Protein chains: 4
Amino acid sequence: MKIAVIHGSTRKNGNTEYLTYHAVPKDRGTHIYLRDYNIQPIVDERHSETGFNEVHDDHKKLINKMLEHDTIVFSTPIYWYSMSGPMKTFIDRWSQILRDPDFPHFREELKKKKIFLIAVGGDTPQIKGLPLVEQFNYICKFYEMSFEGYVIGKASRPGQIINDHKALSAASMLIEQ
Amino acid sequence: MKIAVIHGSTRKNGNTEYLTYHAVPKDRGTHIYLRDYNIQPIVDERHSETGFNEVHDDHKKLINKMLEHDTIVFSTPIYWYSMSGPMKTFIDRWSQILRDPDFPHFREELKKKKIFLIAVGGDTPQIKGLPLVEQFNYICKFYEMSFEGYVIGKASRPGQIINDHKALSAASMLIEQ
Amino acid sequence: MKIAVIHGSTRKNGNTEYLTYHAVPKDRGTHIYLRDYNIQPIVDERHSETGFNEVHDDHKKLINKMLEHDTIVFSTPIYWYSMSGPMKTFIDRWSQILRDPDFPHFREELKKKKIFLIAVGGDTPQIKGLPLVEQFNYICKFYEMSFEGYVIGKASRPGQIINDHKALSAASMLIEQ
Amino acid sequence: MKIAVIHGSTRKNGNTEYLTYHAVPKDRGTHIYLRDYNIQPIVDERHSETGFNEVHDDHKKLINKMLEHDTIVFSTPIYWYSMSGPMKTFIDRWSQILRDPDFPHFREELKKKKIFLIAVGGDTPQIKGLPLVEQFNYICKFYEMSFEGYVIGKASRPGQIINDHKALSAASMLIEQ
């Protein structure tokens, strides 16, 4: 199994990362930190005559990297009850990839992927994180990816995640191999 | 009643805008199109020693504009079962505003606001748009804003929204005055 | 179009009924009031050696009646953020119908049905009624029924629904014919 | 800590019970099996002149029993994407208890309770069980009870729950003491 982890946090060594390493240790899998890359927001040109304009940033490189793996873990702090802005921007741009001649098999390749979600929030995340889980489920349904599981952790201040024993335990069991 | 509409669409004159003008006509209220402004993604520095770095973009200007109104309509196409990236980025940055000495009364002012949501999607939005509604509800709860109502429209290709008679009718009744 | 309305309210002439008659007038369609029938709770015997015991109540009669129609409207007050107990009991027993030799084509017949939901609650039903909507969606998905739309009304005291102009308007547009 | 478990399953020794005993062993706490009691459906008479009619069944006895404990675990198989009919009926009748002079402090007493939920379903319960979780959350909010956690297990045929290692592990950690 080849695992890629897409980290959506904008803060280094935060609670979400800590929890995620319980599922996929640092020295296992490919860890991609979106904050280290330049990803431009989508401009919806699906319906313009000339189609999408080429964007000069790191998005395609990251998509290629992601597609090399069969298991993809999305790891995001819960910002305002959804994924972080950088992760949303990363996924929004998939609409462009779907129409990019450089990625003729994007859908077919995603169909084979196993998806996991790890999210951490401070405000009753076990409940208020559920819309985020449902969104990921709908994204997976759209691409016919297999949504294999999720873990939601509770933490707000730096380091606080170590108190969420249940989430840490669940993370360590998340990806059965 | 002073109404501000925050438009999250990246496409001009799209379905979401069309539906939104049924709730708030172009010549009523203040229409803010996020795509016309420069808004940088949040960098979470809540826990860094020096706090948030000043960001030189249009975010503060838009927040000030928004706060001048008592009713705020969020209008967004449904991108991947949530709000558009630009709107997410706009809201993510509220975390910084909360700690900005230029906005000492941000929470208190938001408490008085009435919030409406208008969203348009192509993939069974009446169901798959519900996590987005729940997210807005949690955002409103956090700031103790009054979430007064929402309309979900169905459209994908340009102009298609004119066929969603139910949504158009609901939009025209959304904000009772 | 032949419409059956399944009324789940235990109170006669309540708010939910009033709203429902805006979608399907009393003299249109077949109105079934579950409170007028004897329906026993399910006893899960899917896995017992002898299978389900015959139950002597009105359930089969109502299922037969329901199946004669191509459009089915479920109308329920929101009791504790879900459908009423009588409606839940009515639907729970479908598990038994699925294994009843008297109904060899139950699934195939349901596949052709169009489903609508009308629900009325007193406690912010536009938000807290959404899990109920999602449940109905999953039920429809299971049987491959087409979930065509829903209306949520707000009312608590008798007669209060007349103030929910938006819901009344939406109900009158619910079933386009 | 005094724990009561309300079992909603209609089948003895089923998957839900098995999972629940990992959270609260048989010889710990008070286990109440709703299937062993007579509980009549609610008849909504909140608005009738004479109020609710006295119902001669076991409901009050069970409410009294429940109130003797400070921690209450609701354990239910997922029937049609919600709690079982018997559990729904048990909770629906709380509307009557709220107006019963025999229970003048029902709300005040519930406010002190800690609530847990254990649910087992066969059809992607980690996703399709979420509306049930949200419903319990809203019930807890209504009574200002503390919703402390939930576990969702996957099983359909008898005994299958033993394969859901994650749920069994989560159940054994559910109630920290």
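Naming: A, B, ... by sequence-line order, numbering from 1 per chain. Model, not experiment: these values are computed from the prediction.
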#### Entry: Residue part contacting chain A, namely of Ser95(B), when any heavy atom lies under 4.5 Å
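For Ser95(B), heavy atoms of backbone and side chain both lie under 4.5 Å from chain A.
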### Message
Other residues, nucleotides and ligands only: do more than 12 of their heavy atoms fall within 6.0 Å of NZ on Lys114(B)?
### Response
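At most 12 heavy atoms, drawn from other residues, nucleotides or ligands, come within 6.0 Å of this atom.
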### Task
Select all residues of residues 137-148 of chain A having any heavy atom within less than 4.5 Å of some heavy atom of chain B, and report them by number, or 'none'.
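Within residues 137-148 of chain A, the residues under 4.5 Å from chain B are Tyr138(A), Ile139(A), Phe142(A), Tyr143(A).
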### Task
Spell out the residues in residues 118-128 of chain A that have some non-hydrogen atom less than 4.5 Å away from a non-hydrogen atom of chain B, in order of number; otherwise answer 'none'.
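Within residues 118-128 of chain A, the residues that come under 4.5 Å of chain B (heavy atoms only) are Asp123(A), Ile127(A), Lys128(A).
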### Task
For the pair Tyr81(A) and Glu134(B), evaluate side-chain contact (heavy atoms from CB on, under 4.5 Å) and give the outcome as yes or no after the intermediate values.
CA-CA 9 Å; Tyr81(A) 314 105; Glu134(B) 292 184 314; over 6 Å; no
### Task
Name the member of Arg157(B), Met83(B), Met87(B) that forms the most heavy-atom pairs with chain A at distances under 4.5 Å.
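Top count of heavy-atom pairs under 4.5 Å with chain A: Met83(B).
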#### Entry: Top contributor to chain A interface from Pro77(B), Pro41(B), Pro158(B) [non-hydrogen pairs under 4.5 Å]
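The option with the most such pairs is Pro158(B).
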### Message
For a quick test of reading the model, state the closest non-hydrogen atom pair linking Lys88(B) to Ser82(A) and the distance between them.
### Response
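Distance-wise, the nearest heavy atoms are CE-CB, 3.5 Å.
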### Message
Using every non-hydrogen atom in the two residues, find where Ile42(B) and Thr10(A) come nearest and quote the distance to one decimal.
### Response
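Taking every non-hydrogen atom into account, O-CG2, 3.4 Å.
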### Task
Considering only heavy atoms and a distance below 4.5 Å, find which of Asp92(A), Val43(A), Ile91(A), Leu130(A) pairs most often with chain B.
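Ranked by heavy-atom pairs under 4.5 Å with chain B, first place is Asp92(A).
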